[in-house]
Amino acid sequence: MHIHPATITDLDRCMQLDAGSRTDSVWQIDQANGVDRIALEVRRLHLPRTMDLAYPRSMGDLREDWDRKECFLVANEFTAMLGFIDLTVTRWQWSGNIEHLVVDRGHRRQGVATSLLEVAETWALGSGLRRITV
């Protein structure tokens, strides 16, 4: 696997990745209100069938983020695009925000996201950032 800064031609390939996911459970939050307190209970519920989930963010901002020349990295293996990470910088706080971390569905659970995060962390430390948030 090779991780490197994205080029303009990588952006179209990033948008074509299968960023969706599947789940067979959801989290339910129950709230009980009292006079002096609010209690929350979080329970995992199993669904009757597996559900496909679309990627929750728009990828329409990729070009704008790439134009900022901050931390936009892609992971490739030979000619296959495996995934990407898009980290933007808030300079007045010297912090980074991970806008997108996408690994193509067919390449998950192989360490691609971990490797992208490690390279982005190295970039952030070298750029003097104090923290990274997701």
Report whether [X] and [Y] are members of the same hydrophobic cluster (ILVMFWY, side-chain heavy atoms less than 4.5 Å apart, transitive linking).
X: L101; Y: M1; result: yes
X: V89; Y: L116; result: yes
X: L82; Y: I85; result: yes
X: V112; Y: V102; result: no
X: I8; Y: L73; result: no

Just by modelled atom types, is the [Y] backbone N or O under 3.5 Å from a matching donor or acceptor in the [X] side chain?
X: W66; Y: L11; value: no
X: D10; Y: T7; value: yes
X: D86; Y: F72; value: no

Can you measure from [atom1] ([X]) to [atom2] ([Y]) and round to the nearest 0.5 angstrom?
X: M59; Y: D65; atom1: CE; atom2: CG; answer: 12.0 Å
X: C14; Y: F84; atom1: SG; atom2: CZ; answer: 5.0 Å
X: E121; Y: T114; atom1: CD; atom2: OG1; answer: 11.5 Å
X: S58; Y: M15; atom1: OG; atom2: CE; answer: 9.5 Å
X: R108; Y: D18; atom1: CZ; atom2: CG; answer: 6.0 Å
X: T23; Y: H46; atom1: OG1; atom2: NE2; answer: 9.5 Å

**Item:** Partners passing salt bridge (charged side-chain N to carboxylate O under 4.0 Å, His left out) against R22 (at least two apart in sequence or in another chain)
**Value:**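 Once residues adjacent in sequence are excluded, the partners of R22 under the salt bridge (charged side-chain N to carboxylate O under 4.0 Å, His left out) criterion are D52.
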
**Request:** Check salt bridge (charged side-chain N to carboxylate O under 4.0 Å, His left out) between D30 and all other residues, then give those that pass, not counting sequence neighbours.
**Result:**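 Residues passing salt bridge (charged side-chain N to carboxylate O under 4.0 Å, His left out) with D30: R43.
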
Grab the two heavy atoms, one from [X] and one from [Y], that are nearest each other, plus how far apart they are.
X: A75; Y: I3; value: CB-CG1, 4.0 Å
X: A6; Y: V74; value: CB-CG1, 3.7 Å
X: W94; Y: G128; value: CB-O, 4.2 Å

**Message:** Test: salt bridge (charged side-chain N to carboxylate O under 4.0 Å, His left out). Region: residues 66-84. Which pairs qualify, not counting sequence neighbours?
**Reply:**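 The answer is R63-D67, R68-E70, E70-R91.
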
**Asked** With sequence neighbours excluded, what pairs up with H100 under the ring-ring contact (aromatic ring centres under 6.0 Å, His included) test?
**Response**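 With neighbours one apart ignored, the set is Y55.
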
**Request:** With sequence neighbours excluded, tell me which residues meet side-chain contact (heavy atoms from CB on, under 4.5 Å) with S95.
**Result:**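 In terms of side-chain contact (heavy atoms from CB on, under 4.5 Å), with neighbours along the sequence ignored, S95 is linked to T90, Q93, R131.
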
**Request:** Establish, from distance only, whether the side-chain atoms of T133 and N97 form a donor-acceptor pair under 3.5 Å.
**Result:** yes

**Item:** Intermediate values then yes/no, side chain to side chain contact (heavy atoms under 4.5 Å, CB included), L117 and I132
**Value:** CA-CA 10 Å; L117 284 165; I132 297 173; over 6 Å; no

**Request:** Might you confirm whether atom CD of Q28 has over 12 heavy atoms from other residues, nucleotides or ligands at distances under 6.0 Å?
**Result:** yes

**Residues that, via side-chain heavy atoms closer than 4.5 angstrom, fall in one hydrophobic cluster with M51** = V26, L45, L47, L53

**Asked** Does M81 reach the side chain of D104, with side-chain heavy atoms less than 4.5 Å apart?
**Response**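 M81 vs D104: side chains apart.
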
**Request:** Verify side chain to side chain contact (heavy atoms under 4.5 Å, CB included) between H4 and N76, making sure each step is shown before the conclusion.
**Result:** CA-CA 8 Å; H4 59 89; N76 292 325; 2.8 Å; yes

